[in-house]
Amino acid sequence: MSRVYNFSPGPAMLPEEVLQRAKEELLDWHGSGSSVMEVSHRGKEFVALAEQCEKDLRELLAIPASYKVLFLQGGASSQFAMVPINLLRGKSKADYLYTGLWSKKAIAEAKRFCTVNVACSSEDRNFYYIPSPDTWRLDKDAAYVHYTPNETIGGLEFHWIPETGDVPLVADMSSTILSRPVDVSKFGVIYAGAQKNIGPAGITVVIVREDLIGQPVAGAPVMFDYKVHADNDSMYNTPPTFAWYMAALVFDWLKRNGGLQAMAEVNKRKAHKLYAAIDGSDFYNNPVEPESRSWMNVPFTLRDDGLDAAFLEQSKKAGLVALKGHRSVGGMRASIYNAMPEAGVDKLIDFMADFAKRQG
Ligand code: PMP
């Protein structure tokens, strides 16, 4: 069996070294005679793992002490609700930047809890750009401003952090977290589902400024209250222990491989060479404005969509899998998260050139 280069948007590729280690430890974790899945989350060994995991994440992202780090369940989709539930704090409205299909979902969910002010939208041009901040209609009385720094489907990414003054900034970093260093102190809340740059699906990271928690909306379910999880070290109920363990292995791998600065350099290089290959050919196209192109998700179309099926079939044979684009965009999408080796991107670029040549 040989491993392929997997361009899936998520669940996505994990570092091979991490998978190997999980395999080696699977039947007998740290001499316990059990797998990590079979031990109590409240036992000494697992608590030590959880503590190390948080410590490593804090170190990787330089998270200030005034922030809580939570390891939850329910995916980023649950955060679409948990954010308003916890951050409204007596207010009735929130600002949302509308830049793609994930921000659309966040907006729809927030509307169940408050008045949503869509401060800007790029829907008019199919989410191919980020509206200039001087056109945003931010409300100074909003409870928070929510945005999606990387739109996984459209391949649109903010390479800068919006300025929102005293209004807390909330970011759905699901598909960009850990791809580069980020100044956490600029945010009220950062959240991310795990299945791209953190680990397997099933665990959700929430980084929240301490002063923002403790005033959930009336009637909020206990499991949706950040404070409950913060006060219980994310063990109010049984956590997804295997996913947590895998995240810990990924954080350890990141630390041993130069941390986020090193990831950023490689990620930038991988993305730039792929966009250069697309732009340099009249066979492929990426419509996103160049300064807002994602480092993590690179959608592209072929000159003739009648060739999509052949492209997918032949790329798969070449060991390049899961390149089919999202149905709303069409064409292809190469998701190139941290665990995608640069050699995988090089191989994709070579394949693309060869395919285009063969089609004339
Ligand atoms: N936000 C973004 C930016 C995503 O890419 C995804 C998943 N692809 C989600 C939210 C939803 O995440 P989950 O499936 O973990 O709920």
Side-chain angles (χ1 to χ4, degrees), residues 6-14 70-85 94 96-112 116 121-123 127 130 144-159 161-162 169-180 182 187 189-207 223-224 229 234 239-240 242-244 246-247 250 267 271 288 292-299 322-329 332-340:
N6 176 0
F7 293 88
S8 167
M13 229 175 154
L14 287 163
L70 310 176
F71 293 89
L72 308 181
Q73 301 186 62
S77 301
S78 289
Q79 294 311 310
F80 294 164
M82 278 179 92
V83 164
I85 284 174
Y96 277 72
L97 312 186
Y98 181 27
T99 53
L101 294 181
W102 286 111
S103 40
K104 183 178 190 168
K105 289 209 166 171
I107 289 168
E109 188 70 359
K111 280 184 176 165
R112 297 158 61 92
V116 169
S121 166
S122 54
E123 194 180 14
F127 308 115
I130 297 170
Y144 59 89
V145 179
H146 179 283
Y147 82 120
T148 311
N150 186 64
E151 291 281 1
T152 322
I153 292 172
L156 181 82
E157 183 157 19
F158 286 72
H159 294 285
I161 300 174
L169 180 62
V170 178
D172 172 3
M173 288 206 188
S174 294
S175 49
T176 184
I177 195 165
L178 301 173
S179 67
R180 74 202 75 184
V182 61
F187 296 86
V189 176
I190 290 170
Y191 63 88
Q195 60 274 20
K196 293 121 179 11
N197 267 340
I198 295 175
I203 197 155
T204 310
V205 169
V206 177
I207 302 165
M223 283 294 288
F224 274 56
H229 295 291
S234 304
F242 188 71
W244 203 337
M246 289 296 288
V250 170
N267 286 330
V288 178
S292 305
R293 285 170 163 180
S294 170
W295 288 2
M296 297 283 101
N297 311 97
V298 182
L323 282 161
K324 191 171 169 37
H326 190 271
R327 59 194 175 280
S328 67
V329 178
M332 308 297 148
R333 172 176 42 167
S335 295
I336 49 175
Y337 302 113
N338 288 344
M340 171 59 67

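Whatever order the structure lists them in is the order used to number ligands and atoms, beginning at 1.
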request  = Report the nearest protein non-hydrogen atom to atom 7 (C) of ligand 1: residue, atom name, distance rounded to 0.1 Å.
outcome  =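 Looking only at protein heavy atoms, the one closest to atom 7 (C) of ligand 1 is W102 CZ2, 3.5 Å.
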A192, A106, S77: member with heavy atom nearest to atom 16 (O) of ligand 1 =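 It is S77 that holds the nearest heavy atom.
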Do [X] and ligand 1 have an N or O pair less than 3.5 Å apart?
X: G74; result: no
X: T152; result: yes
X: D172; result: yes
X: S78; result: no

message = For the backbone of T176 and the side chain of S179, can you confirm whether one donor and one acceptor N or O come within less than 3.5 Å of each other?
response =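 Pair found, side chain donor or acceptor close to backbone of T176.
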request  = Please name the residue in the list N297, T152, I153 that meets the side-chain contact (heavy atoms from CB on, under 4.5 Å) test with H326.
outcome  =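 Only one option passes, and that is I153.
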query = Does ligand 1 have an atom under 4.0 Å from some heavy atom of K196?
reply =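 So K196 counts as touching ligand 1.
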message = Against ligand 1, does N150 come closer than 4.0 Å with any heavy atom?
response =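 Right, N150 reaches ligand 1.
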ask   = Quick check, are the ring centers of Y98 and Y147 under 6.0 angstrom apart?
value =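 Not close enough - the centres of the two rings lie 6.0 Å or further apart.
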I need the atoms of ligand 1 closer than 4.0 Å to a non-hydrogen atom of [X], numbered in the order shown.
X: F80; value: 10 (C)
X: G75; value: 15 (O), 16 (O)
X: Q195; value: 13 (P), 14 (O), 15 (O)
X: S174; value: 1 (N), 2 (C), 3 (C), 4 (C), 10 (C)
X: A76; value: 9 (C), 10 (C), 11 (C), 12 (O), 13 (P), 15 (O), 16 (O)

Criterion side chain to side chain contact (heavy atoms under 4.5 Å, CB included) on F7 and M332, from CA distance to verdict = CA-CA 10 Å; F7 293 88; M332 308 297 148; over 6 Å; no
key: Residue pair A76 / T204: nearest heavy atoms and the distance that separates them   =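 Closest pair (atom of A76, atom of T204, distance): N-CG2, 4.1 Å.
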key: V189 to V206 - nearest heavy-atom pair and separation   =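 The answer is CG1-CG1, 4.1 Å.
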Within-4.5 Å side-chain heavy-atom neighbours: F80 and Y191 =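 Answer yes - side chains close enough.
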task = Compare all side-chain heavy atoms of V250 with those of I198 and state whether any distance is below 4.5 angstrom.
result =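 Not touching, per the 4.5 Å side-chain cut-off.
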message = Let's go through R180 and E157 carefully: what are the C-alpha distance in whole Å and the side-chain angles of both, what is the deciding distance for salt bridge (Lys or Arg N to Asp or Glu O under 4.0 Å) to 0.1 Å, and is it a yes or a no?
response = CA-CA 13 Å; R180 74 202 75 184; E157 183 157 19; 2.6 Å; yes
